[in-house]
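Below you'll find the structure, written out as structure tokens, and then a few comments.
So you know, we letter chains A, B, ... as the sequences are listed, proteins then strands, and number each from 1.
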Number of protein chains: 2
Amino acid sequence: MDLTVATEKFVAWWGEMGSKWGVNRTVAEIHALFYLSRDPLNADDVAAHLSFSRSNVSSSLHELENWGLISPVHFRGDRKQYYEAIKDPWEMFRVILDERRRREINPTVATLRACLEDVAGSTQEDLYTQERLRAMLEFFEVMIPLYDELRRLPRGPIQNLARLTAKIREVIG
Amino acid sequence: MDLTVATEKFVAWWGEMGSKWGVNRTVAEIHALFYLSRDPLNADDVAAHLSFSRSNVSSSLHELENWGLISPVHFRGDRKQYYEAIKDPWEMFRVILDERRRREINPTVATLRACLEDVAGSTQEDLYTQERLRAMLEFFEVMIPLYDELRRLPRGPIQNLARLTAKIREVIG
DNA sequence: TTGTAATTACAGAAATAACCGTAAAAAACG
DNA sequence: CGTTTTTTACGGTTATTTCTGTAATTACAA
């Protein structure tokens, strides 16, 4: 209970965003609370601050842990399970993207390959479909290695990249 | 009705992905169907192929049009409204990202600014929160211009970027 | 106009997802 | 060990989203 206006506003917005990106609103709100909180929180803290049931909080914490966005913290002499969030946005989004890649992008590539197998000995009619599937697969096959490279760059060089690509456009344009 | 195995599989998968990224499953499936289809389709075609109600198809087509992923096509002497999808994956994902930026990223930046205003004359206690909000805002303020640059690059240079960033890491690492 | 075909709006039904409270289980102490 | 505290699992409920069918509207051709 009793969050500041700014915290309240950010938590609500982050929940809203979550729901637009396929993340449970409650999970996203809890994540936002952890992100803004200086100190680790336990399930009761979260339940009290956001007025969710303990059980709902419990499973949401699990989900956030599975995503790698929060990690457990223990205090000696306190049995409760505390958690704290990744606090650096760069690291945080890297974790999210890595996880989405693992869960969704990789299987998508696998599915595309499977579809291409299915359509391999193709009649004239399916040739167009085959072509579309191949184009999509090629897209991922370029973007995935690019992401793999970008994710390893520290933020300094990333900031310069914008300037660099502007230059590239200038040269070729 | 009577889609090929590959089409069926891809449509189902795309719907699955949609639901994980905050897009209505039906809308995503219809989009997939358009993507794979050589010829423009009308609402009846879609309803027949995927066994959705006409009205459901109608509103889904609208939504896809709002996203800019399909566009209307007319055939002389045929009153029906046909649509066709963007067929180039590069262009397609660019449209999706642009739209998500407009709908979600820009408002997020605005919200962050608003939160920072709220927390401006801050007590000691809120100082940490303020810091977190600022860090998040800074992240977006670097990534948005970078995206703006990348989205304007044709795919050739993008393919080389991966190699380039590998080089950068090599030099600084 | 008038009739016909296509589209859209809407309200209720169906399906899905989210949430809570309780009870069982597990873990941490003495 | 037994006790206490914390965590998890589960069944039922509520809420939300999705989907459908019908009715109203619009666009078009004769």
Which whole-number value in Å describes the distance from Ile30(A) CD1 to dC19(C) C1'? 12 Å
Here the distance between atom P of dT16(C) and atom NZ of Lys20(B), to the nearest Å, is 16 Å
Taking atom P of dT6(D) as reference, at what distance in whole Å does atom NE2 of His74(A) sit? 13 Å
Lys80(A) NZ to dC29(C) P: how many Å, rounded? 13 Å
Look at atom CZ of Arg103(A) and say whether more than 12 heavy atoms of other residues, nucleotides or ligands are closer to it than 6.0 Å. yes
Distance check needed: dA26(C) P versus Gln81(A) CD, whole Å only. 16 Å
Measure the distance from CG on Asn42(A) to P on dT8(D) and round it to the nearest whole Å. 12 Å
Is it true that the side chains of Tyr147(B) and Asp98(B) contain a donor and an acceptor less than 3.5 Å apart? yes
Lys/Arg-Asp/Glu bridge criterion (N-O < 4.0 Å) met for Arg134(A), Glu131(A): no
Begin with the C-alpha distance, continue with both residues' side-chain angles, and end with the deciding distance and a verdict on side-chain contact (heavy atoms from CB on, under 4.5 Å) for Arg101(B) and Arg151(B). CA-CA 12 Å; Arg101(B) 185 194 155 175; Arg151(B) 72 184 282 292; 5.7 Å; no
Rounding to a whole Å, what distance do you find between Glu63(A):CD and dT7(D):P? 18 Å
Whole-Å distance separating the NE2 atom of His62(A) from the C1' atom of dT7(D): 8 Å
Encode nucleotides 10-30 of chain D as B, S and - characters from 5' to 3', where the letter depends on protein heavy atoms closer than 4.0 Å: B to the base, S only to sugar-phosphate, - to neither. --------SSBB------BS-
On DNA chain C, does the nearest nucleotide to Asp78(A) precede the nearest nucleotide to Asp78(B) from the 5' side, or the other way round? Give the residue. Asp78(B)
Candidate pair Glu104(A) and Trp21(B), rule side-chain contact (heavy atoms from CB on, under 4.5 Å), full reasoning: CA-CA 10 Å; Glu104(A) 289 136 22; Trp21(B) 288 81; 3.0 Å; yes
Taking 4.0 angstrom as the limit, do Glu141(B) and Arg113(B) come out as a salt bridge? yes
